[in-house]
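For clarity, every value in this text was computed on a predicted model and none was experimentally measured.
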Amino acid sequence: MTSTPNELIRDPLFQLNALLWLAQPMPSESEIRPLLYKQGFTVYAIAPLLGLPPDLRLMAQEAEINMQERVRPDVVLANESVRTFAFTECKKSSFGPISSTAEQARSLLVVAGPRAAEVLGLAPGQVAGSLLAFVTPQTEQESLAQTLATLSNELNAARIPAGQFSVLGLALTDTDVSIAIDDQASAFFRLPQGINSFMKRELDTDPRPLYFIPYDPDVDQSPEEREFCKRVLFERMQSTVVAAVGHATPLCELPLNSERILNDAMFGMYGQWENRESAKHMRRLCRQLMDALMQAVNSEVPNSMISQPGEGWKIILQNSEQQEKVLDALTRFSCETLDLQKELPPDLFD
């Protein structure tokens with residue numbers, strides 16, 4: 001688990017959720033201010049796989065510049081009204097221009113460049129502006145900006161057009177979480193330059209229950225943090241099943257599938273996830289939980305929960321009494337009994 005404030009803002013999963021908070025509508029009484037949403041930006045895609053134009057890949061090879069042929073920015077944000085796109089990437093720390101991470105950064109600079117429409121599969125006129133924005137702790141902001149400037153100059157010298165870039169710095173105090181906006185981000189997002197507070201904070205309060213995405217298999221975390229986040233996802237999926245059964249009206253057969261369960265558990269974000277391998281991983285976790293719930297329910301109320309390979313699961317509620325027994329079995333089940341280190345192999349329907 002995250003043990004110190006500095007570890008929190010260095011956690012790529014917190015950074016990812018901070019981006020999602022900033023770009024989502026929030027209730028007026030919420031402790032989170034959706035700064036980017038108020039400027040017209042929403043989530044366009046999560047972890048899309050984007051390829052570099054072939055001619056630019058060839059130019060990079062001829063110039064002996066190491067780049068990745070395809071990259072997955074963590075989130076792509078879009079302002080649909082003015083057709084501007086921000087390709088965002090979360091990093092716990094800065095990196096140097098000769099590091100392996102620099103290969104990814106070069107590709108992201110090209111993806112966010114003048115050919116962004118082509119990369120996104122859109123007509124040229126559908127992208128009026130683009131920006132590469134890294135999210136990192138504010139203490140890493142200046143160093144990362146210097147690295148990106150070096151990489152950008154390197155690409156432009158080889159006549160490989162690089163996009164504008166920005167580094168957004170996360171900062172945390174006893175009372176709030178803020179994001180430091182640099183010149184480029186200020187102009188692009190139309191936000192005041194400098195420190196912008198977006199989340200109220202109380203000491204010893206854990207923000208992770210507020211996460212849109214409580215667990216991401218692609219995020220680099222410690223084993224302890226990874227297991228904690230996986231358990232939070234399991235508990236959210238369990239709550240989704242409990243709510244579905246509680247709102248059902250017997251006599252009925254309640255159908256459930258992994259997409260519905262995961263979307264509810266992630267407040268609709270699972271449906272925007274474009275990394276197919278990560279999505280399969282999530283579905284396997286859903287299957288792990290549902291198999292355990294099915295065993296718990298059927299041990300109390302035999303034949304009440306059925307697996308339907310390729311479709312999902314079905315809960316049979318013949319009357320109110322059976323519904324109460326199923327609910328009791330579901331709510332008494334503890335996700336702490338699940339093996340959080342277990343990695344399920346793919347099955348036929350993955």
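- Taking CZ from R57 and CD from Q68, the interatomic distance works out to 12.5 Å, rounded to the nearest 0.5 Å.
- Note: Y211 and F14 have tilted aromatic rings, judged against thresholds of 30 and 60 degrees for the angle between ring planes.
- In this structure, the ring of F85 has its center less than 6.0 angstrom from the ring center of Y44.
- For the pair R231 and E227, the salt-bridge criterion is not met [side-chain N within less than 4.0 Å of a carboxylate O].
- Using a 4.0 Å cut-off between charged side-chain N and carboxylate O, E80 and R83 make a salt bridge.
- Counting heavy atoms of neighbouring residues, nucleotides and ligands inside a 6.0 Å radius, atom OH of Y37 does not exceed 12 of them.
- In summary, the side chains of S304 and Q322 do present a donor paired with an acceptor at a separation below 3.5 Å, with no hydrogens or angles considered.
- Between R236 and Y215, the side chains place no donor N or O within less than 3.5 Å of an acceptor N or O (distance only, hydrogens not considered).
- Residues Q193 and D183 bring a donor and an acceptor atom of their side chains to less than 3.5 Å of each other.
- Checked against side-chain hydrogen bond (donor to acceptor under 3.5 Å, both in side chains), R159 has no partners two or more places apart in sequence or in another chain.
- Note on E300 versus R332: salt bridge recorded, some NZ/NE/NH1/NH2 to OD/OE distance being below 4.0 Å.
- Side-chain contact of Q104 with E89: a donor-acceptor pair under 3.5 Å is present, judged by distance alone.
- Between the side chains of D74 and T88, not a single donor N or O lies within less than 3.5 Å of an accepting N or O.
- Under 3.5 Å, the side chains of T173 and D176 contain a donor-acceptor pair of N or O atoms.
- For Q126, the CD atom sits in a packed shell: over 12 heavy atoms of surrounding residues, nucleotides or ligands are nearer than 6.0 Å.
- Between K92 and D11 there is no salt bridge, since no side-chain N of the basic residue sits under 4.0 Å from a carboxylate O of the acidic one.
- Heavy atoms only, all atoms of each residue included: L131 and A112 are closest at C-CB, 3.9 Å.
- Under the 4.0 Å criterion applied to side-chain N and carboxylate O atoms, R226 and D220 are not assigned as salt-bridge partners.
- N298 and N303 form no side-chain donor-acceptor contact under 3.5 Å, judged by distance and modelled atom types alone.
- No donor-acceptor distance shorter than 3.5 angstrom exists from the side chain of K200 to the backbone of E31, with no hydrogens or angles considered.
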Begin from the C-alpha positions of F189 and F41 and carry the test ring-ring contact (aromatic ring centres under 6.0 Å, His included) through to its verdict.
-> CA-CA 8 Å; F189 293 117; F41 286 88; 5.0 Å; yes
Acceptor/donor pairs from residues 248-256 side chains to any protein atom, 3.5 angstrom cut, sequence neighbours excluded:
unit_1, atom_1, unit_2, atom_2, d
E253, OE1, K314, NZ, 3.4

